[in-house]
Structure formats: C-alpha cells, structure tokens
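Here's the structure we're looking at; comments come further down.
Each chain gets a letter, A, B and so on, in the order its sequence line appears, and its residues count up from 1.
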Amino acid sequence: MDKHSDKQLFSDAKGWSRDLEKEVQNRFANHEVSNFDIKSSKPFFGIDTPPPYPSGRPWHLGAAAQYSQIDAIARSQRMLGREVLFPIGMDRNGLPVERYTEKKYEIKMRETEREKFIELCRGALDDLQSEMVDILKAIGFSADFKRMYRTDSDEYRTLTQATFIKHWKDGMIYRGNRPTNYCVECGTTIADAEIEYKELPTKLAYFNFQVKESKNKITIASTRPELLAACRAIIVNPEDERYKGMIGKHAIVPIYKTEVNIIGHPSAKPEFGSGAVMVCSYGDYNDVLLFKELGLEEKIIINDTGRLTDVAGKLSGLTVNSARKEILKLLQEDGTLEKVQEISHRTPTCDRSKNPIEIIPMDEYYMKVRDLKEKVMEITNELNFIPDQHKQILFNWMKVAMDWPISRRRFYGTEIPLWYCKKCSEPYVPQPGKYYKPWKENPPNGTTCKKCGSKEFYGDVRTFDTWMDSSVSSLFVTRYSTDPEFYSKTYPLTIRAQGIDIVRTWLYYSIVRCFELTKRPPWSNVWIGGMGLDEHGEKMSKSKGNGVDPMLIIERYGSDAFRFWAASEASPGSNFLFSEQRIMGSQKFLTKLWNVAKFIKEFGDYGINEKPEKLFPTDKWILEELYSAVKDSLEGHRSFNFFIPSNRIREFTWNVFAPHYIEMVKARAYGKDFSKEERLSAIYTLNQTLRAILLLLAPICPFITESIWTSLYSEESIHKMEFPKDLPSFKEMSKYSSIITDFNTKVWGEKRANGISLRDPVSVRIPEELTIFEKDLKAMHNLK
RNA sequence: GAGCCCAUGGUCUAGUGGUUAUGACGUCUCCCUUACACGGAGAAGGCCGGGAGUUCGAAUCUCUCUGGGCUCACCA
C-alpha cells in the first residue's frame, strides 16, 4: 500500500466518525421522514425508485452511489416543501436468482421439481434481500421500508398478470412462431435488449460445394459449419466476377447431398471470406431476413437443449460445439474442406449467462411495441430528461426496437395467465384481479371453451420476462388497480430515477407499457444517473474482479463521506471513477464542518435565540456571501443536480466562511474588547450561516447534518425542516469579498515571511476600502 | 459503416466572445497558531486535444481532423 494507509489507521481518532453515524442511523429508524400522507396539503412529489435486484454478488459501489443520489432527490424535495412518495421495492423475478440457486445448491432447474425449485429461490431471495436492505439503510436511504414491495409477491404478480390481460384484450399481444434469440444455457428465449455483443475468437471454415450444372466448385466460408444440413441457399454478390456465371445454378451440399440454389444477393460482401455465403436456419439474424426475403423453408437443426436434431443426420444429438468439431472432421475426410482460419467474431451472447445465443424458431408471445412507436416517441419527447442529452439514447433505441418477446421458459417468474382448451387449443384468459398459476392450477370453476364448449384445459407453463413486472412499478406504487383514490392523486409520478444502463429495458418498457395501459406517461421527469467505474475508467464487474464493496468504504470513511463524494464527483448523467483518495477528501471536508460546528457550539444558546438589533459590516458581508451560495445551491436542489450544492457549499465553507469570516470574528465572538451588541451580531451570524450550510447539505449528508442540527438547534430532525428562505441580502457587500481575502492572505504571508507567529503584532496598513472592517481586522491580525 | 455524447494542469471541475483561465484532490516546501495537523500558510504544475475559419479579440462560435465513451447495423 502507499503512504495513505497509515493515515487511514487514525481516521477514527476524533471528529466525525462512522460510530457517530451509526447512532444517527438508529435515530432515523425511529422518526420516519419517509411516511407519505395522501391527505397532505403540500404539493405532491412521487418517485419511481428502481427496485434493486438482490442478486447475491456484493452490490457494487456504483449502484450504491446512484441510490444515494436518488435518496438526495427525495430528501431535497421534502425540504423544498413537497409531500414525497418515495417507495422502495425488490425486483425478485427471473434468471439471476434461478442461476444463483442452481449454483448454490448444485442443482439444475429442469431436473428439480418446480414447486421445490421455487421455494429454494424464494429462500435465497429472502437472505439476499435482507443484506440489500442493510446496505440501503447504511447509505441513509430514506424510502418507505415499511411498505417495501416485492415483485414476486402475490399482489405484485396479480398486477403484472392483470396488465397482461388488459394488453391481451386490447389486441396488443400475439403469438408467433418466429426465430428468436434463445439462450441454451438459460433454456429460454431472450429479448434483443438482453443481448450483449462480444468479440470472441472463432474458426472460419472454407469448404466446397459442387455446382450441379458444371464441373466447377464454389467455396463458401462459414463460422457455423455445423448448420450445413440446414443450408437452403447460397448467396453471392451479383457484382462479384468470380460467381457471376453461377447465379441461377444449383449447388450440392457436401455430406448431405441436398440441392440448393445459388442466388445473387447484395448482402454477400465479396471481400469477406470467399464471397459466397451459405444461408442456414439460422446462423445469425441476417439468415432470418434472407429466409423471409427469399421464401426459403426452414429446417430446425438445433433444439431447445442446444443439441442438433435429426435433420443433422450423423451429427444428431451432439451439442453445437462438438458438432462443429465433428463436421470439420467429416468435411476433411470428404476432401471438401479447403482451410480453417482463426478470426475474431462479434458474437451475440446472453447478458445473463454470457453464452452465445442461438436463433431458433420458438412459439412465443409478443407484445406489439412497434405499433406504438410513433405515439411513444411523441410522449417521450414531452418528458424532461436530466441530463437532457440522454433522451437521445432512448430515441435511438426506439427507432430500431422490434416487437418484444415476453414469454420465458423459466420457473421463477410471474406465470403467464393462460390456459388452452385440450380439444381445440383455444386459449382461455381469466379475469384480472387474482394471481394465477396455470402450471399447477385449473382455470376457475365452470370455465368452458368459448369455441368448442369443452371443459378440459391445460395451463401455460411459461413465465414472463422480468421486465414485464418491473415495467409497471409506477402503477404498483400508485395502487393502480387496488386504490382508485390513491391512484388518481399520485399517477403520473413526478420522476423516474435510474441508471443509464437500463434505458433500453426498464425505461423503454415502462413507457410503452404504462402508456398503453393508462394513455399517459408514467412520470414527467426522467433522471438518468451515470455509471460508477473503477479507478481506471473500466466498468466494475464480478468477472473482472474490479468491483468494490460499498460497505467496506462506508465502514472506513462513513456514509456521508461516500454520499458527498457521489454528489460532488461528477455532473449528473456522466460516469464517475472510483477514487478512495477523493472519498478521503470528502471525509476531510466533513471533519472541517464538524470542527466549525464545535467552535460555534462553544457559545451555547447565545445568539441562537437572541436576534441582534443591528448587524456589523463583517457579518453583513458573510451573510451576502451566504445568500449567494444558498441561491446557487437551491437551484441545484430544484434541478436534482447535487453536484452544484455539494461543491458550492464546500467551496463557501472551506474557503470563505472558515478561514476568513470565522477568523475575523473570533475575537469579537469571544467578546474581548467588544461590546455586547457587537458580540451578539457575530454569534448570531455564525449560527445563521451554519444553519444554512447544514440545511443545504442535509439531503447529501443526512447523518452529520442531523447530528449537528439536533445538538445545536432543535430536537426536531433536520430532515423535517425546509431549506432556508428569505435570507437577508446585502448586495453592496459583495464587492469586498476579494479585497478582504486578498488582504488577509497578504498579512498572513507577511508574517510568515518575517518569521513571526500569526498572533504576534504587526503593523500593516488597512486599505481604504476596508475601513468599515477595521476593528475586526485589527483584532484578527493583531495590527498595530 | 452510421448515429449520439464528450475532450480544460496527474485526476475531477468552473468558465457560453474580452479574466494574469476557477476551485478541489494529489504532489512539493514551511508551520503542532487555544474549532480543526482529518489543520494552516505557500509553491510547482495547463500552448484549454490538433488544424483551419468567423471576429478588432476564441477555452468559449463554425468547419474539419484526432482521441475517448455509448448505441445500432454488418462481419457468412
């Protein structure tokens, strides 16, 4: 370690500390600021808080920083006089917990009884959730934990199902047997949004097809030779001189000896590989488009377990990887293999399992999001984004977004509430308002098939994509389907706060779904936070091992130092790099504040309850400086930008208030050679200034401000106060600021140059402009 | 390949046509001054990514290049 480590050892020696913070944390538990009163006369402010996923890995520091920012939104809005609805939920559906459970118990989902598996997942989630709640409370998160919701609760799943049923009735859902992204590892279809592209090394194989009508051969290059049996065409670029004569002829597929057309198509790029492409069902998304365009008949060569089907003949039953090795061997034996080239290939992978995805035709449900595109883009345009430029990320995605496959072949999720008639397969949709589990329950009593009258049904065994649940969080927290009065007063919410990483999922799906259901956008503001990166600017991830556990940092430097760092580090929406050194810097500022408060506290109640008849020039000057700092900071608070108040208050406190003002009035505050009136003015001003600093800092550093506030000013929590308003302004005093600080710096410098102590007398002439501060300056510098 | 965003001392940042270009962290020197050595006083460190243009004047406006980030598409 570097030399900072020994400093850290003493970090708790005195001053503000994590232990004091813990005391405050306990107090927070007792006096809830998070209670929301629907009957309040204050203006309403509702936050759509991202429900974190209790995923098992230590929650990384970037996420904790983001949640502390979201908390600052809630706290600052309370202090701006709003009645704040600040819910918190846990996102508990879907793949992450299933994978976690499989790993933890060393079991496979599909080899475990569904009921049993669900139980194990739920237990795992409960443990992970309590860990997550502890972290949230440690960072001072002031949401309503008493009403914490879970997306896997019966109540929440009832809502997810009810909204699906409404979409169904509105004709927004369709069933399609389409080639879809399929993750073999997860055993489910996944959405485009869940795909992550990675550069992976792969083999590009060159092999020959015999042209039927001539003696010529045609060489194709493929990264997926194992799909050979599903090859239905060969395409070449019509401009490609090498193949011009072959267009319209036929080629014989090696090994399988089937015949395919050689077709001219511009998507074949002469410069890549051999310039000739085999079109298979389905090697990539381009194949899907070509099959559709050329009207080819698909052959299903990979099944849902990732093994090759009978179509593949000799390769049948092999996994994709072993089939690839095997086919290369066969081609070699056959004499048709030309060469194998190692290339790097941008491969679509599943963002959960990190395995390459397959494109397999699957029968799934889709939501018609494309039909809503225009309308949704229109309402998105009306939303206020913070920062503004991130709106573009969403627009870019909306322009290209496809219909959303919403069904998943998994266990731990909200069940698709559908049954099918055993006789005629007609689907049956139940009434909304109940939680249905078709995989183990019968449809409600008395259900008969509308089409054929049969009473025999079987249930759909699939679940929904997790985003189907979380995309209606704003409806759940406003009690959309359970409390019409509450809903009408709270929906739409005021703000959606979330990370930039889930714009094309949570944000996009929320807008689409809520708009379709309510015909209104779910909120009017969208706050997009940047990502926390490691000290080199790399994304933190478990696999890279560069993740930082926020609890370690909080235990070492305190939650307020962490929160202050998060607020002051980067402007809203931009990424920020983790830096322990800078968190230490924040801690130093809090120590400074602590000591300032300690000094002011010395004077007791004097100057807190008494108000002076008149204020003296130095006091007017700092009050004007304060006025301007407060004004700037409030602007930041109002625009959810905590970068502004954190830096402005730090700058004011550290560079103006403490070194100049406090030093100037110290003698006066002690009352030495000053009148009672002069003394009172100083102490009053010290307190007024500290009060304002504490109030403006409270949303960012809730612990230290609470501690100082309650020890100096009130029994009542600072978090129940409002920001300072109607502070006096003495505009004419602002012109003195630089003259004062310059003069002080000059005197200090001179004393140092002459090797005398700061207390020693010195003879320096006070500039003309500063005559009104003469008495304070004389006392401060011991001027003769 | 396309779109969007960004570019100020080692790091973060202020600055929106005229400043000796802010401030913080870090670095170096000196100082245990009674709120605070988790402190204080100083110092070093920047041709404001390159180029061209608009202008009397550009970190600031325009164009272009370069470099980064994000997203999309393509890579058989």
Side-chain angles (χ1 to χ4, degrees), chain A residues 2 4 7-8 10-17 192 197 199 202 204-206 220-225 227 231 234-235 267-269 271-280 283-287 290 343-347 387 389-397 399-401 500-501 503-504 530-531 533 535 537 539 557 561 565 568-571 573-577 579 581-602 643-644 647-648 650-651 654-655 658-659 662-663 666 669-670 686 744-745 748-749 751-753 755-760:
Chain A
D2 56 22
H4 304 301
K7 271 188 183 173
Q8 285 160 20
F10 301 104
S11 67
D12 281 346
K14 54 179 171 167
W16 181 243
S17 70
D192 291 340
Y197 285 88
E199 287 291 336
T202 190
L204 179 64
Y206 291 71
I220 70 105
S222 174
T223 55
R224 303 295 306 268
L227 301 180
C231 172
I234 286 176
I235 59 163
S267 72
K269 300 210 170 70
E271 65 279 7
F272 189 90
S274 63
V277 187
M278 67 170 190
V279 183
C280 311
D284 60 25
Y285 192 67
N286 198 41
D287 284 342
L290 285 166
I343 60 161
S344 173
H345 183 222
R346 193 156 175 263
T347 314
Q389 73 252 26
H390 285 350
K391 187 185 273 192
Q392 201 57 43
I393 301 173
L394 182 57
F395 271 119
N396 289 345
W397 177 244
K399 276 182 220 153
V400 298
I500 197 169
D501 52 332
V503 166
R504 62 181 191 169
M531 303 303 295
L533 308 174
E535 56 261 85
K539 219 175 189 172
Y557 302 104
W565 167 76
S568 62
E569 183 60 20
S571 19
S574 36
N575 294 344
F576 47 95
L577 311 195
S579 157
Q581 214 166 45
R582 296 170 84 88
I583 295 174
M584 276 169 70
S586 302
Q587 191 194 27
K588 281 189 192 171
F589 169 62
L590 298 182
T591 305
K592 186 76 186 176
L593 180 66
W594 183 253
N595 286 313
V596 166
K598 210 163 83 181
F599 169 70
I600 294 176
K601 202 186 170 180
E602 273 180 53
F643 182 79
I644 296 173
N647 284 297
R648 188 70 174 85
R650 171 165 61 182
E651 148 79 8
W654 217 336
N655 298 330
I662 290 187
E663 294 303 329
K666 209 179 247 176
Y670 284 129
L686 283 167
N744 289 337
T745 303
W748 286 324
K751 285 192 173 181
R752 210 183 88 63
I756 58 172
S757 152
L758 291 181
R759 273 178 302 176
D760 290 337

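Evaluation of the side chain to side chain contact (heavy atoms under 4.5 Å, CB included) rule for A:Lys666 yields A:Phe599, A:Ile662, A:Glu663, A:Tyr670 as partners, not counting sequence neighbours. In this structure A:Arg650 satisfies the salt bridge (Lys or Arg N to Asp or Glu O under 4.0 Å) test with no other residue, sequence neighbours excluded. For the side chain to side chain contact (heavy atoms under 4.5 Å, CB included) test, residues two or more places apart in sequence or in another chain that qualify with A:Asn744 are A:His660, A:Met664, A:Ile740, A:Trp748, A:Leu777, A:Met780, A:His781. Residues passing the side chain to side chain contact (heavy atoms under 4.5 Å, CB included) test with A:Leu204 are A:Tyr206, A:Ala221, A:Thr223, A:Phe272, A:Gln341, A:Ile343, sequence neighbours excluded.
The CH2 atom of A:Trp16 sits 17 Å away from the P atom of B:G39 (whole-angstrom rounding). A:Ile235 has its CD1 atom 9 Å from the P atom of B:C75, to the nearest Å. Distance A:Leu590 CG to B:G39 P: 12 Å, rounded to the nearest Å. At whole-Å resolution of the value, CG in A:Asn595 and P in B:G39 are 9 Å apart. Distance, A:Glu602 CD to B:A35 P: 6 Å, rounded to whole Å. The distance from atom CD1 of A:Ile500 to atom P of B:U71 is 9 Å, rounded to the nearest whole Å. Rounded to an integer number of Å, the gap from A:Arg650 CZ to B:C38 P is 18 Å. Protein atom CD1 of A:Ile644 is 12 Å distant from nucleotide atom C1' of B:U13, rounded to whole Å.
Atom C1' of B:U16 sits at a distance of 25 Å from the matching atom of B:U11, rounded to the whole Å. Taking the C1' atom of each, B:A58 and B:G17 are spaced 7 Å apart, rounded to whole Å. For the C1' atom pair drawn from B:A44 and B:C30, the interatomic distance equals 15 Å after rounding to whole Å. With both ends at atom C1', the span from B:G46 to B:A21 equals 9 Å, rounded to whole Å.
Contacts of A:Tyr206 with the nucleic acid, taken as non-hydrogen atoms under 4.0 Å apart, are absent. Within the nucleic acid shown, A:Gly530 has no heavy atom closer than 4.0 Å to any nucleic acid atom. Nucleic acid contact for A:Lys666: base, since at least one base atom lies under 4.0 Å from a heavy atom of the residue. Using a 4.0 Å heavy-atom criterion, one finds that A:Ser274 contacts no nucleic acid atom at all. Across all strands shown, A:Asn655 has heavy atoms under 4.0 Å from sugar-phosphate atoms exclusively, and none from any base. Using a 4.0 Å heavy-atom cutoff across all strands shown, A:Ala597 reaches no nucleic acid atom at all.
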Protein within reach of the bases, or only the backbone? For nucleotides 6-12 of chain B, mark each nucleotide 5' to 3' as B, S or -, using heavy atoms under 4.0 Å. -----BB
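Closest contact between the side chain of A:Lys588 and the listed nucleotides B:G26, B:A35, B:G42 involves B:G26. Listed nucleotides: B:G23, B:A35, B:A76. Nearest to the side chain of A:Glu651: B:G23. When the nucleotides B:C38, B:A76, B:A35 are ranked by their closest atom to the side chain of A:Val277, B:A76 comes out on top. Taking the side chain of A:Leu204 as heavy atoms from C-beta on, and the options B:A76, B:A35, B:C38, the nearest nucleotide is B:A76.
Side-chain contact between A:Trp654 and A:Lys588 is present, with at least one heavy-atom pair separated by less than 4.5 Å.
Where RNA chain B pairs in unbroken runs of 3 or more (Watson-Crick or G-U, both distances under 3.5 Å), the stems are B:1-7 with B:66-72, B:10-12 with B:23-25, B:27-31 with B:39-43, B:49-53 with B:61-65.
Checking A:Glu663 against A:Met278, the closest nucleotide of RNA chain B that is more toward the 5' end is the one next to A:Glu663. In terms of position on RNA chain B, the residue among A:Trp654 and A:Ile220 whose nearest nucleotide sits closer to the 5' end is A:Trp654.
In terms of heavy-atom proximity, A:Ser586 sits nearest to A:Ala561 at CB-O, 3.4 Å. Heavy-atom minimum distance, A:Ile220 versus A:Ser222: CD1-CB, 3.9 Å.
Note: A:Trp565 CH2 to A:Leu590 CG = 14.5 Å, rounded to the nearest 0.5 Å. Taking OH of A:Tyr557 as the start and OG of A:Ser17 as the end, the distance is 15.0 Å to the nearest 0.5 Å. For the atom pair SG (A:Cys231) and CG (A:Asp287), the distance works out to 9.0 Å, reported to the nearest 0.5 Å.
Neither OP1 nor OP2 of B:A37 sits under 4.0 Å from any side-chain N or O of A:Lys592.
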